[in-house]
Amino acid sequence: MSSISAAIIEAWLRHCADLFVQHKDELTDLDAKIGDADHGANMARGFTAIPGKLDVLVDKSIGSLFRTCAMTLISQVGGASGPLYGTFFLQASRPADGKTTLSHQELCQCFDVGLTGVVNLGKAVLGDKTMIDALTPALAALHPKNADSLEDAVARAATAAREAADATIPLVARKGRASYLGGRSVGHKDPGAASSALLIAALAETLKRTA
Amino acid sequence: MSSISAAIIEAWLRHCADLFVQHKDELTDLDAKIGDADHGANMARGFTAIPGKLDVLVDKSIGSLFRTCAMTLISQVGGASGPLYGTFFLQASRPADGKTTLSHQELCQCFDVGLTGVVNLGKAVLGDKTMIDALTPALAALHPKNADSLEDAVARAATAAREAADATIPLVARKGRASYLGGRSVGHKDPGAASSALLIAALAETLKRTA
Amino acid sequence: MKKLINDPENVVTEALKGMELAYPDLIKVQYNPNFVMRADAPAKDKVALISGGGSGHEPMHGGFVGIGMLDAACPGAVFTSPTPDQIHAATTAVAGAKGALHIVKNYSGDVMNFELAAEMLRAEKIPVESVVIDDDVAVQDSTWTAGRRGVGATVLAEKLCGAAAEDGHPLGSLRELCKRINSQARSMGMALTSCTVPHVGKPTFDLPEDEMELGVGIHGEPGRKRTKLAAADEIVELLMEPIISDIPFKSGDEVLLFVNGLGGTPLIELFIIYRKAAEIAQRAGLKITRNLVGSYITSLEMAGTAITLLKLDDDLTRLWDSPVLAPALRKGI
Amino acid sequence: MKKLINDPENVVTEALKGMELAYPDLIKVQYNPNFVMRADAPAKDKVALISGGGSGHEPMHGGFVGIGMLDAACPGAVFTSPTPDQIHAATTAVAGAKGALHIVKNYSGDVMNFELAAEMLRAEKIPVESVVIDDDVAVQDSTWTAGRRGVGATVLAEKLCGAAAEDGHPLGSLRELCKRINSQARSMGMALTSCTVPHVGKPTFDLPEDEMELGVGIHGEPGRKRTKLAAADEIVELLMEPIISDIPFKSGDEVLLFVNGLGGTPLIELFIIYRKAAEIAQRAGLKITRNLVGSYITSLEMAGTAITLLKLDDDLTRLWDSPVLAPALRKGI
Ligand SMILES: Nc1ncnc2c1ncn2[C@@H]1O[C@H](COP(=O)(O)OP(=O)(O)O)[C@@H](O)[C@H]1O
Ligand SMILES: Nc1ncnc2c1ncn2[C@@H]1O[C@H](COP(=O)(O)OP(=O)(O)O)[C@@H](O)[C@H]1O
Ligand SMILES: [Mg+2]
Ligand SMILES: [Mg+2]
Ligand SMILES: [Mg+2]
Ligand SMILES: [Mg+2]
């Protein structure tokens, strides 16, 4: 497989709803350690609102799917993660406008502009112990390598994201609530990096299922 | 010994200060069970204020000692126990007016009018689970029996008070804060009955010491 | 024990000092014996209103000293009624020729200490009357108890009588007004946690994570009944039913609904309680025309709530709406 | 978890419903998206003031909606910034021709959500300005953090700007006033206990009986430092020193001293804190000419306190003294 259909994108977004409900307590526990104990609830609230929106969506192009996801997250989540993930999908929707499939390259482009949007809004840099730390290596890993399949690349990205999320543990947070803790943020995984890893894992799982 | 001197009465009141400090936590614990956890502090605050008052007292007649004790308790204690014990000593001071010794019979009379004062003010009857339950049998036991010594009679009164205080345990409180608990007051000793027992025990100990 | 205090013995005087520093325009604080009085005391051409009780119920009573409410408040040790000396000193400091009304919560200690003080004052020819507040329906069988406790109605009585005193009501009519308020108000409270008396250092009672105390007073004493923890709405039903059925309040009555926090309960929870209490009152046909929501009569840091209903009439409503300017209650000034 | 709530998911809407029922004369509540607005909205001939943030800080912000303070408040989920939709809806509901000022506490989430909302509003040609409040000196090194948090100064800014808006200040001048207030205010807080987010059901952090958290914010997050529990006076020294030395405040300055409770701390303790804070301020030569004592910006049922000092001038003092009539603050009306 070297491209991805709107149907798979839709299945991915729907799968996220389940995954974030499953991992709600885990994300909240991470956020309780260095934040305010709401990240699990925020992600679950945002993503569980999406299937209902997709059910009534007429234009199911990928751009429209991403935009719907973006607007739902922005209007349902609040907190830091709402605007950030919302912006990710809003920016990602632009290159996908009107498209019903994305090539591997196009998918990378969508996500890359999504990430740029997150960086512009949140102004975090790599190493600040945020979702950026998981998304950046994940999207780098997503780019086609030796003409491998999209499925393999996404699996590689998911692994990269998971490892990168774990790698936030020793870092000192410099953005978001965790930054107020200074050195006390060391020793805990960033909840946003963990949720980003889940987001990419959800895509990998969706591709695997539909393969 | 068939009479009691002002010096012994003074020693008794001074000894009470020590005794109520020693038993402060015990009385407070009893009050925590069925009241508001202040009886120990109340008794300690009241009686520790007495030695200082006695130090500067000119008229050391028994009436004056009792009145000083009464006024100190009334002005220092507050709560239910302040006016009640204050009234006990205020009424007791009347028959002792100007006297420097009290016969066994006179001592009984002082305490009996003291108790009447407490009953008139607090309107509790025997069995209501109050200090009345300890004071009433104690003062009955204090009356001379077979021409025994005052010392023996006070020892008998102290035993009666202690046993009577213990006997409040199965009772349902009908006066004071404990009454709000209804049946839940059963199984706990009344703090005021316990402090009354200590008051009489203090007199017994003082007499024994000075014997 | 986790408290923002220094030496437990100094809690009351240090808190009084804080109040003194915070509200110099409104109140003066006297020490030894301790009392709080209006900055413009003594009362001129009006009856002086004095209340008091143990400390640990803040803002009651010191926070209610001011224009249109109390003339003086006597704070005892924590949960311990004030002494007659305090009450006597406060009354003589603020009362003018029109005399003084003592508003006394029905606890053996409060009643006796105020009684002794009133005797002293009458001996000095100071006209003084007392009204005992006993609005707590949790205490059911009053012939076998010290009688119902005085709780939330005290705050309302202090506000309403304070307004009437400001209007120039004479002592006798104020006493009758206060009695009427008391007879038209009913309250009941519950606790999620115990509280810790500072000099004791440990909670007055233990309450497991899944239990609550129903029918508590304001002195950290256990309530009438310990039951399983319930949802807020169920708790409000348990509090409102005995309140409404006691007077009984009846359909068409105009009422003031007072939802009180016991000290450790945040406002967000009191609003949830208010919502359900209002719903139940409306269901019973009562018209809530006035209300009060907040922690006005507390039991140290106890978590819990108490609800008070007062039957209003035009007269009481007008008095409620009158200006008041005290540290803890302000309106129209 | 011991709370007076029903389903944890309904805490915010049920509390809003309670507020709506309790203050029909002062506020209106809208749901989906949730916001609280003045009963007499939209603002006529004045700039509209809008604030918002996570819930769990009651009475902030909804309790400050009213005459002389906010025009609208947007409550998010507990400890979660409101969404741009809420802010957009609230702003369009209350803003008139003179535009709107957003008062935003400095948290990444609050700032971003208000920013997105402001973009939407500007696209619709509604004049809107934002001021970010960041008064918390506990966050020391702002180049390595998300910057100082917005805490107690928010309450003061809402009151003072509310008064100025009522006086007819135009949008630009209100923005400058708000910035000036923020630049002249400093705060720091501490916690004796954690708090429990309703849908989480257990305390955000564990704090042993003999320890406290210094430099906490208002979201139940741990502070900068965990230390041994200390006496109140020592705690106040630890809070006041960084506050005073930060601006720095200097001898002769007139200041407003705000002693805030975090939700589970009773008033008696706040007075003890006020006493010492006033003493330290006076020792530093500061003149406390205005003050505020109470639980105005809270962190659910957290026990603890936060102190804010605001440097006053004649202008700010006059604005502070101006009338206000909101559920949680009342003066002169
Ligand atoms: N400025 C930022 N840039 C990128 N990511 C951020 C930024 N601020 C916070 N985050 C991410 O958001 C996560 C927290 O999200 P969440 O808990 O939902 O919101 P909040 O912090 O408002 O409670 C953090 O773990 C972090 O990964
Ligand atoms: N009406 C009463 N008559 C006699 N004794 C009483 C009465 N009310 C209370 N007491 C006694 O007072 C004791 C409680 O005293 P204390 O704890 O000091 O005061 P308070 O109850 O005001 O906190 C009770 O244990 C009881 O023995
Ligand atoms: Mg969070
Ligand atoms: Mg007691
Ligand atoms: Mg007591
Ligand atoms: Mg949050």
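Numbers restart at 1 for each chain; the letters A, B, ... are given by sequence-line order, proteins then strands.
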### Message
I'd like to know whether C/Asn6 forms a side chain to side chain contact (heavy atoms under 4.5 Å, CB included) with D/Arg275, so could you lay out the CA-CA distance, the side-chain angles of the two residues, the decisive distance to 0.1 Å, and finally the verdict.
### Response
CA-CA 12 Å; C/Asn6 298 296; D/Arg275 174 194 129 274; 3.9 Å; yes
### Task
Given side chain to side chain contact (heavy atoms under 4.5 Å, CB included), test C/Lys3 with D/Thr265 step by step and report yes or no.
CA-CA 8 Å; C/Lys3 286 182 188 290; D/Thr265 287; over 6 Å; no
#### Entry: Steps toward side chain to side chain contact (heavy atoms under 4.5 Å, CB included) verdict (D/Val293, C/Tyr23)
CA-CA 10 Å; D/Val293 185; C/Tyr23 309 105; 3.9 Å; yes
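The most heavy-atom pairs under 4.5 Å with chain C, out of D/Ala231, D/Ala277, D/Ala22, come from D/Ala22. Between chain C and the residues D/Arg290, D/Glu20, D/Lys276, D/Glu269, the largest count of heavy-atom pairs under 4.5 Å involves D/Glu269. Between chain D and the residues C/Ala232, C/Ser299, C/Gly263, the largest count of heavy-atom pairs under 4.5 Å involves C/Ala232. Chain C forms the most heavy-atom pairs under 4.5 Å with one residue out of D/Glu301, D/Lys331, D/Met212, D/Lys17, and that residue is D/Lys331.
In this structure, no portion of C/Ser295 lies under 4.5 Å from any heavy atom of chain D. Neither the backbone nor the side chain of C/Val236 comes within contact range of chain D; no heavy atom of the residue lies under 4.5 Å from a heavy atom of that chain. Proximity to chain C is absent for every atom of D/Leu329, based on heavy atoms less than 4.5 angstrom apart. The contact between C/Ile333 and chain D is made entirely by backbone atoms, counting heavy-atom distances below 4.5 Å. Contact of D/Met302 with chain C is not made at all, since no heavy-atom distance falls under 4.5 Å. Only the side chain of C/Ile273 comes within contact range of chain D, judged by heavy atoms closer than 4.5 Å. For chain D, the nearby parts of C/Asp233 are the backbone and the side chain; heavy atoms of each come within less than 4.5 Å. Of the two parts of C/Ala303, neither the backbone nor the side chain holds a non-hydrogen atom closer than 4.5 Å to a non-hydrogen atom of chain D. For a residue to count as touching a neighbouring chain, one of its non-hydrogen atoms must lie under 4.5 Å from one of that chain's; by this rule C/Pro208 touches chain D with the backbone only. Both the backbone and the side chain of D/Leu192 come within contact range of chain C, with heavy atoms under 4.5 Å apart.
No donor-acceptor pair closer than 3.5 Å links the side chain of D/Lys2 to the backbone N or O of C/Ala191. Not a single donor-acceptor pair under 3.5 Å links the side chain of C/Glu58 to the backbone N or O of D/Pro266.
Under the side chain to side chain contact (heavy atoms under 4.5 Å, CB included) test applied with D/Ile268, the options C/Leu16, C/Val11, C/Thr298, C/Leu4 reduce to a single match, C/Val11.
C/Leu21 and D/Asn291 get closest at one heavy-atom pair: O-ND2, 4.4 Å.
Taking CG of C/Leu267 as the reference point, atom CG of D/Leu300 lies at 12.0 Å (rounded to 0.5 Å).
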